[in-house]
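Below: the structure, in structure tokens.
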Amino acid sequence: MTSPEENQPTRRAPAMSPERRAMIIQSAIPLIAEYGAAVTTAKIARAAGIGEGTIFRVFADKDELLQACMAEALSPEHAVRELDAIDLSQPLSDRLAEAAEALQAHLARMGAIAGSLEHGGGKHPGTVRGAGRTESTTRLRAALTELLEPDKAALRRPPEQIAALFFGLLFTQPRTEDEPDLSPQELVEVFLHGAFSEDAK
């Protein structure tokens, strides 16, 4: 049963803190991944530990909240912070394995939200405005390039090109029905050392 306020725009109270807005979005994202656009604002409010009316003091209506959650899921900010936090003193294979984990989590997050909103029922929030896919990809590849810089002299190609190749492999990893996905460590091994096993070299 949906709340009477579910899709009704309300007159906004004075702007609330960015922290409150971010908290509501973070509480809503897992619920959207589970229920799609059919999730109720009452359920989101309970998860956030706030009254339902508080949501409508931050967002004009439910659609605006869904758009904000989609924008957050698509944003590269979290993944870029994780890439920037990787210890550059580690071996390159360890750095790339950590990067693969961060980027795969980013991809899974985007897929969960976009897929749920597309197939979960309810009114889809429509196109999200803001940083586009090209800008997001550029920022992620730049962060990957920084991880490769310490080994620049040992690389066959410039770090920017290696980063682009690794990024492409992560996001287009081929999948088969009878084989599990490669772990980040396995993917990095194939990327750095090729398809041959140690015994075949």
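Quantities reported herein were computed from a predicted structural model and do not represent experimental measurements.
With sequence neighbours excluded, no residue forms a side chain to side chain donor-acceptor pair (under 3.5 Å) with D84. Checked against side chain to side chain donor-acceptor pair (under 3.5 Å), E146 has no partners two or more places apart in sequence or in another chain.
The salt bridge (charged side-chain N to carboxylate O under 4.0 Å, His left out) contacts involving residues 148-172 comprise R95-D151, where partners must be two or more places apart or lie in separate chains.
For A143 against L83, the heavy-atom pair with the smallest separation is CB-CD1, 3.6 Å. The shortest heavy-atom contact between S136 and H106 is OG-NE2, 4.5 Å. L31 approaches A47 most closely through the heavy-atom pair CD1-CB, 3.7 Å.
No donor-acceptor pair closer than 3.5 Å links the side chain of Q161 to the backbone N or O of P158. At least one donor-acceptor pair closer than 3.5 Å links the side chain of K62 to the backbone N or O of A37. The closest donor-acceptor contact from the side chain of S116 to the backbone of G36 lies at 3.5 Å or more, if one exists at all. Listed for the Q90 side chain is a donor-acceptor partner under 3.5 Å among the backbone atoms of D87. No donor-acceptor pair closer than 3.5 Å links the side chain of S75 to the backbone N or O of A71.
With hydrophobic clusters built from ILVMFWY side chains whose heavy atoms lie under 4.5 angstrom apart, V190 does not share a cluster with V188.
For the atom pair CZ (F191) and CG (L92), the distance works out to 8.5 Å, reported to the nearest 0.5 Å.
A salt bridge links R139 to E77: one of the charged nitrogens lies within less than 4.0 Å of a carboxylate oxygen.
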